Structures are given as structure tokens and as C-alpha cells.
Number of protein chains: 2
Amino acid sequence: MVMQLAEAKAQFIANWGRFGTNWGINRTMAQIHALLLVSADPLSAEDVMEQLSISRGNANMNIRELIDWGLVQKVLFAGERKEFFTAEKDIWKVARQIIKERKKRELDLMLPVLDELSHVEGDKKDKNVKTFTDTIQNIRKFSSQADKVLDTMIKADEHWFIGNLVKMFSGKKD
Amino acid sequence: MVMQLAEAKAQFIANWGRFGTNWGINRTMAQIHALLLVSADPLSAEDVMEQLSISRGNANMNIRELIDWGLVQKVLFAGERKEFFTAEKDIWKVARQIIKERKKRELDLMLPVLDELSHVEGDKKDKNVKTFTDTIQNIRKFSSQADKVLDTMIKADEHWFIGNLVKMFSGKKD
DNA sequence: ATAAACTTTCAAATAATTCTGAAAATTCAG
DNA sequence: CTGAATTTTCAGAATTATTTGAAAGTTTAT
């Protein structure tokens, strides 16, 4: 079955919105992002309000949030008073930006907490103490490995990264 | 500063819970998971209710959800009528299980939608049509690459996987 | 079969999040 | 400056998500 652009766009926006809620992002923010991803030209706040049937305040706040995340940019046109907004369309760049921000907001906050928690006072023979310290260590090790891998991804060029993964995954157990 | 076990445990549970909400998981579910992660022995529903000050219904529903996710198992003791629960403590296994489930619940649902959306009717010269189809294609390509990488991770053994990543990231631009 | 022990369900209550829209603030052309 | 155009703010409303707890359901020992 073949769709018209308007219907396909609506579908994409709805799905991207639903998807977003699984990632701690609110539905509207994800929908605005989706709308900008598939719009050829920058849109004004009014365009966004109309196309998604949302209020001015809501549009404003969520656009600001998208700008904070580095996923959307302001665009100004000569002679136009209004601000317009556009989204980065290269998905590899989008993914890297999201990884970068989430790492900053989550992993970088979690690591010091784990360090703190690894100094627990108590009898090493107590199995509850042992389980606690072992689990925290385990998480700490995992997290700092993830930290390194993510840092590399953030800096990586798409082709280099994907090329390496292909090499890695096609070579079986080498 | 050195903490007592009880305090450290409370801190860990609180942080893991806060963390979870960024991942589309509700706070209580993440807290129960945290509690089980640092408990040496399996806990009963009552233990969970008491230690987290939550109701029976809440404990029951969230434990079931954790079981659905494959992160928690029921444990029965001979002669005991009550059910007990325990969590997998190896974080690499936990991460793989989460990847597996999220892939099933998200990526596997998204891919067919993207396929559907890639058949848009319309003038190829229309830049809105072009932007739409290009963006969808871009996302599709990215998603199916991610799909392959995640499948490999799900099957991978920790040492093989980490070993390869280290090789990949220490070799610079080879 | 009975009943105690335990688990599950789910309607209603509560809490958390998101959204609205009008007012305040800002910007800028004239 | 002035005031029209535009953006930002935020208290209250609306919506959505989570939690409670009592009743219903299930299991098992006797």
C-alpha cells in the first residue's frame, strides 16, 4: 500500500512520539522532533503549533528543550522577525548527540555515586556486605567500560565506526 | 567517608530508581530490582514491601514485570509455601537481557513501520517528499545496522565482546 | 471438603507530569 | 521613545501514570 505524504508524516510523528516515551522523553518533544526531521524547510513556532495542535507555551518549552539537547537549531531569515527551527537530519549525528547528552546527564552522574558506595564499612564475612560490594564493583566496572566505549562513539566518524563493527561481527570468534 | 551497609543500600536503591525513570521504567520497578541486586538471599514479596514501604499490589505487579523482563526469578524453598525472588547479579548478563527485551519491544516494532513509510506516493521533485523519503531511508538504514549490532551483542560472550572493543578502540584509525 | 496461607486483580485514590493560555517580558522598526 | 510583533513564563487545569488495599482467586495441608 502506498500513502500520501500527509498521512505518512502523521504516522511517522505518532510513532516517533510513542517511541520517545520509552526513552524518558515526553511525547510532544519527540513529535516536534519528528516533524522537524521530515520538514524540508525550517518551521516557526506557529507552524509547529498548527501542525501538531498544541499550545504556544507547550511548543515553546519543548522546542527549547530540543535546542538544549542539541537536536534542533534556531534559524533566522533576513528581514523576518520570527524565529524558525530546523533539526539535524543525519541520523548518525542525531544518535551521537543523544548519546553525548545522555552520557553527560546519566552516566557521568552515576559514576561518582558508585565510587562513593564502594566504600562500605562492615564485616567482609557478612554475605550481605559481600554481595553489596561485589555488585557495586561489578556495576562500576561495567559502567566505566561503557563510558569509554561511548566516548569513542561520540568522537567517531560513521564510516570508521560502522566499518569496524562490520569487521568485528563478520569475523566470528577470531 | 565510609558508610554503613544500610545507608549505602538505601542510597543505591534511590539512585537506581531515579536512573530507571530516564529509561521508561517506573521508579518502583527499578528500586525493587536494585534491592534484589544487592540482597544475598532471595526475598519474599513481604520483604520487598517492608524494605521499600510499598503496598502488596504494587510489589506484586512490579515483581511480575521484572520477571517478564527476565531480570528476576522465582525461587521456591522446600517446605516453604511462600515464593521468593532473586535477581541476576552479573551486570553484563543484565545488560544483555535488557537489550534483548528492548530490541524486541521497540526496534522490532519500529522496523516494519519504517518499511511501510518508505512507500510514499508523490512528486519526487517536491522537496517535502524528498526530505521525507530521505529521512525515513536514513533512519531505516541506521536501525537495521543497529539491529545487527544488537543481535550480536545479545549472543556475545563478555570477554569476546569487550576484547574486540578494546582492540577496536585502541587501534585508533587503522 | 475445609480453611489457612498466600497471590493476584482492579476500581478508586493519589501523585506526577504535561499542557494551556493569558499576562509579562523582550525585541525591534519607525 | 512607542507600540506592534514575537517570545517566554508560569499558575492552574487536564491528563497520564502509579499506588493502594480490600476482595477475589489460588494453592496446599490436613
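These numbers were taken from a predicted model, which means no experiment stands behind them. Here is the naming used below: chain letters follow the sequence lines, and residue numbers restart at 1 for every chain.
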Report the residues that fulfil side-chain hydrogen bond (donor to acceptor under 3.5 Å, both in side chains) with B:N15, sequence neighbours left out, ordered by chain and then residue number.
B:R18

Can you tell which of [options] lies closest to the side chain of [X]?
{"X": "B:E83", "options": "C:dT7, D:dT19, D:dT9", "result": "C:dT7"}
{"X": "B:R81", "options": "D:dT9, D:dT28, D:dA5", "result": "D:dT28"}
{"X": "B:N26", "options": "C:dT8, D:dT19, D:dT28", "result": "D:dT19"}
{"X": "A:T28", "options": "C:dT27, C:dT18, C:dT7", "result": "C:dT18"}

Whole-Å distance between [N] [atom2] and [X] [atom1]?
{"X": "A:N22", "N": "D:dT16", "atom1": "CG", "atom2": "P", "answer": "16 Å"}
{"X": "A:R64", "N": "D:dT8", "atom1": "CZ", "atom2": "P", "answer": "7 Å"}
{"X": "A:N62", "N": "D:dT8", "atom1": "CG", "atom2": "C1'", "answer": "14 Å"}
{"X": "B:I32", "N": "D:dT18", "atom1": "CD1", "atom2": "C1'", "answer": "12 Å"}
{"X": "A:I63", "N": "D:dT7", "atom1": "CD1", "atom2": "P", "answer": "9 Å"}
{"X": "B:K82", "N": "C:dT8", "atom1": "NZ", "atom2": "C1'", "answer": "16 Å"}
{"X": "B:R27", "N": "D:dT18", "atom1": "CZ", "atom2": "P", "answer": "9 Å"}
{"X": "B:M61", "N": "D:dT19", "atom1": "CE", "atom2": "P", "answer": "9 Å"}

Residues from residues 48-60 of chain B sitting under 4.0 Å of DNA chain C, heavy atoms only?
B:R56, B:G57, B:N60

Hey, any chance B:M49 and B:V38 share a hydrophobic cluster, counting ILVMFWY side chains that come within less than 4.5 Å of each other, even indirectly?
no

List the atom pairs, with distances to 0.1 Å, where a side-chain N or O of residues 110-121 of chain A and a protein N or O form a donor-acceptor pair under 3.5 Å, not counting sequence neighbours.
from   : atom 1 : to     : atom 2 : distance (Å)
A:D115 : OD1    : A:R140 : NH1    : 2.1
A:S118 : OG     : A:D115 : O      : 2.6
A:E121 : OE1    : B:Q4   : NE2    : 2.2

Looking at residues at least two apart in the chain, or sitting in another chain, which of them share a salt bridge (Lys or Arg N to Asp or Glu O under 4.0 Å) with B:K104?
B:E101

Could you pull out all residues at least two apart from A:K82 that satisfy salt bridge (Lys or Arg N to Asp or Glu O under 4.0 Å)?
none

Compile the donor-acceptor pairs under 3.5 Å between side chains in residues 55-79 of chain A and protein atoms, sequence neighbours left out, one pair per line.
from  : atom 1 : to    : atom 2 : distance (Å)
A:S55 : OG     : A:N58 : N      : 3.2
A:R56 : NH2    : A:E46 : OE2    : 2.8
A:K74 : NZ     : A:E83 : OE2    : 3.0

Is the terminal nitrogen or CZ of A:R27 (NZ for Lys, CZ for Arg) located under 6.0 angstrom from the six-membered ring centre of A:W16 and within 45° of that ring's axis?
no

